[in-house]
Amino acid sequence: MCVREVGHRQPTRDADDRIGERSGVGDGPADGGRGDPERYSRRQESEGMSQGTGSLKTVERAFDVVDVLGRLGSAGPAAVADELDVTRSTAHDYLVSLAEAGYVSREDGTYRLGYRFLQRGSRVKYGEQFFRASRAPLADLASETGEIAQIGVEEAGEWVLVHAEHERRLACMGPYPGMRTPLHTHAGGKVLLASLPEARRDRLLADPLACRTEQTTTDAGALRRELERIAEDGYATDADEQSVGIGFVACPVTFDGTVLGSVSVACPSGRLKRPGYCGELEGQLNAIADEISINYRELQHREMSRDPYQFE
């Protein structure tokens with residue numbers, strides 16, 4: 001049964017103060033009121049801070065607002081309030097605070113996500129040695145196969161697309177950096193799931209497995225048996241599990257016994273049924289994975305031997 005998934009800039013002191021005034025964060029002594037246990041406990045409750053975890057509900061709610069804007073594209077306070085079941089004034093305060101911090105843009109009374117997120121995400125991506133080691137080999141793979149070539153990593157139990165290379169005619173298929181999918185819904189995630197420590201893999205498989213299509217494997221027992229085969233074979237394939245009409249072939253990229261991520265090819269699933277084509281892609285992927293690993297080692301060596309006082 002399918003279970004469907006329902007340049008660095010710091011905010012100015014004035015902006016921080018204004019955010020604190022709206023959320024209740026930032027008042028009191030430098031120790032955050034911890035000198036008075038009763039006062040600190042009351043403050044935790046008033047600010048929505050979870051006992052033991054230190055999480056702030058104001059921060060969680062701010063990201064809820066970000067998620068709403070991401071889904072809707074743009075919205076005003078009334079629409080955000082309806083989505084989050086909060087008052088319009090509360091939604092307005094969060095939107096204004098995010099705008100003052102530079103993460104949301106306002107135009108004609110509506111708000112949308114700003115390019116500051118792109119700046120932050122790009123710095124994460126381009127700072128990763130795995131991406132830098134993969135970029136050239138991935139472009140070669142896309143050129144040689146004519147298919148979408150991509151690398152991904154595991155984060156928080158999901159497969160995250162780091163980078164994709166493809167011919168211009170395939171741009172409409174829409175893979176974009178940061179796209180997230182459940183690990184078990186396609187080959188690129190399955191090779192990572194198969195490489196996780198058993199205890200962590202068991203925790204991930206203990207929850208109901210979401211399905212993206214009718215072909216998605218949602219039975220934990222069947223998935224475990226498939227993961228055993230993947231670990232033994234060193235690669236994975238799928239057809240129509242993440243998206244109808246699309247298939248994947250993938251293999252892990254390792255460095256000194258550590259899995260850095262996966263490299264995969266996405267193509268029309270019917271094409272994978274051609275005699276020998278899947279095996280051909282698997283051989284190319286293994287070669288590319290080896291090349292990425294060599295590049296990664298070179299980047300590691302450069303980093304360790306770099307003079308910290310030498311500016312590039």
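Since the model is a prediction, treat every value here as computed from it, not as a measurement.
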*Asks:* Sub-3.5 Å donor-acceptor pair from the side chain of H184 to the main-chain atoms of A210, do we have one?
*Replies:*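 Yes; at least one donor-acceptor contact below 3.5 Å.
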*Asks:* Is a side-chain donor-acceptor pair under 3.5 Å present for T87 with S89?
*Replies:*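 Yes, T87 and S89 have a side-chain donor paired with an acceptor closer than 3.5 Å.
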*Asks:* Identify whether the distance between the nearest side-chain nitrogen and carboxylate oxygen of R229 and E232 falls below 4.0 Å.
*Replies:*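 Not counted as a salt bridge, because no side-chain N and carboxylate O are separated by less than 4.0 Å.
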*Asks:* Between the side chains of N286 and E282, is a donor N or O closer than 3.5 angstrom to an acceptor N or O?
*Replies:* yes
*Asks:* Going hydrophobic residue to hydrophobic residue with side-chain gaps under 4.5 angstrom, can you get from L138 over to V253?
*Replies:*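 Yes, it is one cluster - the side chains of L138 and V253 are joined through contacts under 4.5 Å.
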*Asks:* Evaluate Q284 against V265 for side-chain contact (heavy atoms from CB on, under 4.5 Å), listing each step before the verdict.
*Replies:* CA-CA 10 Å; Q284 290 174 295; V265 164; over 6 Å; no
*Asks:* Under a 4.5 Å cut-off applied to non-hydrogen side-chain atoms, are H92 and L95 in contact?
*Replies:* no
*Asks:* Is it the case that over 12 heavy atoms from other parts of the model lie below 6.0 angstrom from the OH atom of Y277?
*Replies:* yes
*Asks:* Would you sort out whether E198 and R201 count as a salt bridge (charged side-chain N to carboxylate O under 4.0 Å, His left out), showing the intermediate values?
*Replies:* CA-CA 5 Å; E198 184 176 0; R201 185 168 60 246; 5.2 Å; no
*Asks:* Which atom names give the shortest non-hydrogen contact between V249 and C278, and what distance separates them?
*Replies:* CG2-SG, 4.0 Å
*Asks:* Short question: side chain of R180, backbone of E155 - any donor-acceptor pair under 3.5 Å?
*Replies:*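 Looks like yes, one N/O pair under 3.5 Å.
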*Asks:* Could you go through L223 and L227, starting from their C-alpha distance and side-chain angles, then the distance that decides it, and tell me whether this counts as side-chain contact (heavy atoms from CB on, under 4.5 Å)?
*Replies:* CA-CA 6 Å; L223 182 58; L227 294 175; 4.1 Å; yes
*Asks:* Less than 4.0 angstrom from a charged side-chain N to a carboxylate O is my criterion; do E107 and R112 meet it?
*Replies:* no
*Asks:* I'd like to know if the side chain of S269 and the backbone of D240 have a donor-acceptor N/O pair within less than 3.5 Å.
*Replies:* no
*Asks:* Ring pair (Phe, Tyr, Trp, His ring centres under 6.0 Å) between Y296 and F130: does it pass, once the steps are laid out?
*Replies:* CA-CA 6 Å; Y296 189 88; F130 179 47; 7.2 Å; no
*Asks:* Side chain of D238, backbone of H186: donor and acceptor closer than 3.5 Å?
*Replies:*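 Checking the backbone N and O of H186 against the side chain of D238, no donor-acceptor pair under 3.5 Å is found.
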*Asks:* Any donor-acceptor pair under 3.5 Å linking the side chain of R132 with the backbone of G127?
*Replies:* yes
*Asks:* Give the minimum heavy-atom separation between Q150 and A266, together with the two atoms involved.
*Replies:* NE2-CB, 4.2 Å
*Asks:* Among T217, T185, T237, which residue meets the side-chain contact (heavy atoms from CB on, under 4.5 Å) test with K190?
*Replies:*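 In the set T217, T185, T237, the residue that makes a side-chain contact (heavy atoms from CB on, under 4.5 Å) with K190 is T217.
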*Asks:* List the steps, then state whether side-chain contact (heavy atoms from CB on, under 4.5 Å) holds for V259 with V191.
*Replies:* CA-CA 10 Å; V259 176; V191 294; over 6 Å; no
*Asks:* Closer than 3.5 angstrom, by distance alone: can the side chain of S97 be matched with the main-chain N or O of D93 as a donor-acceptor pair?
*Replies:* yes
*Asks:* So E154 and R200, do their side chains get closer than 4.5 Å, heavy atoms only?
*Replies:* yes
*Asks:* Does the side chain of E147 reach to within under 4.5 Å of the side chain of P268, using non-hydrogen atoms?
*Replies:*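 They are in contact (side-chain heavy atoms under 4.5 Å apart), so the answer is yes.
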*Asks:* In terms of hydrophobic clustering (I, L, V, M, F, W, Y; side-chain heavy atoms under 4.5 Å; direct or indirect links), are L260 and Y126 co-clustered?
*Replies:*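 Looking at the clustering, Y126 is in the same group as L260.
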*Asks:* Could you tell me if the side chain of E226 sits less than 4.5 Å from the side chain of I230, heavy atoms only?
*Replies:* yes
*Asks:* Counting N and O atoms only, with roles assigned by atom type, does the side chain of T216 sit under 3.5 Å from a partner on the main chain of E241, one being a donor and the other an acceptor?
*Replies:* yes
*Asks:* Find out if a path of hydrophobic residues (ILVMFWY) with successive side-chain heavy-atom gaps under 4.5 Å connects V162 to L196.
*Replies:*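 Hydrophobic grouping puts V162 apart from L196.
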*Asks:* With a 4.5 Å limit on heavy-atom distance, are the side chains of F117 and V66 in contact?
*Replies:* yes
*Asks:* Between Y103 and L72, is there a shared hydrophobic cluster once you connect ILVMFWY residues whose side-chain heavy atoms come closer than 4.5 Å?
*Replies:*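 Yes: a chain of side-chain contacts under 4.5 Å links Y103 to L72.
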*Asks:* Within this structure, what is the CZ-CD1 distance for the pair R135 and I292, rounded to the nearest 0.5 Å?
*Replies:* 13.5 Å
*Asks:* Are V80 and V96 linked, directly or through intermediate hydrophobic residues, by side-chain heavy-atom contacts shorter than 4.5 Å (ILVMFWY only)?
*Replies:* yes
*Asks:* If you look at every heavy atom in W159 and S262, which pair is closest and at what distance?
*Replies:*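 What the structure gives for the nearest pair is NE1-OG, 3.3 Å.
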*Asks:* Report yes if some heavy atom in the side chain of P77 is under 4.5 Å from a heavy atom in the side chain of Y111; otherwise report no.
*Replies:* yes
*Asks:* Got a salt bridge between R224 and D202, using NZ or NE/NH1/NH2 to carboxylate O under 4.0 Å?
*Replies:*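 Between D202 and R224 there is a salt bridge, with a charged N closer than 4.0 Å to a carboxylate O.
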*Asks:* Indicate yes or no: at least one non-hydrogen side-chain atom of L84 is less than 4.5 angstrom from one of R61.
*Replies:* yes
*Asks:* CD1 of I246 to CZ of R271: how many Å apart, nearest 0.5 Å?
*Replies:*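 One gets 9.0 Å once the value is rounded to the nearest 0.5 Å.
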*Asks:* Side chains of P182 and L209, heavy atoms from C-beta outward: is any pair under 4.5 Å?
*Replies:* no
*Asks:* side-chain contact (heavy atoms from CB on, under 4.5 Å) between E298 and N295: does it pass, once the steps are laid out?
*Replies:* CA-CA 5 Å; E298 177 62 24; N295 291 348; 5.6 Å; no
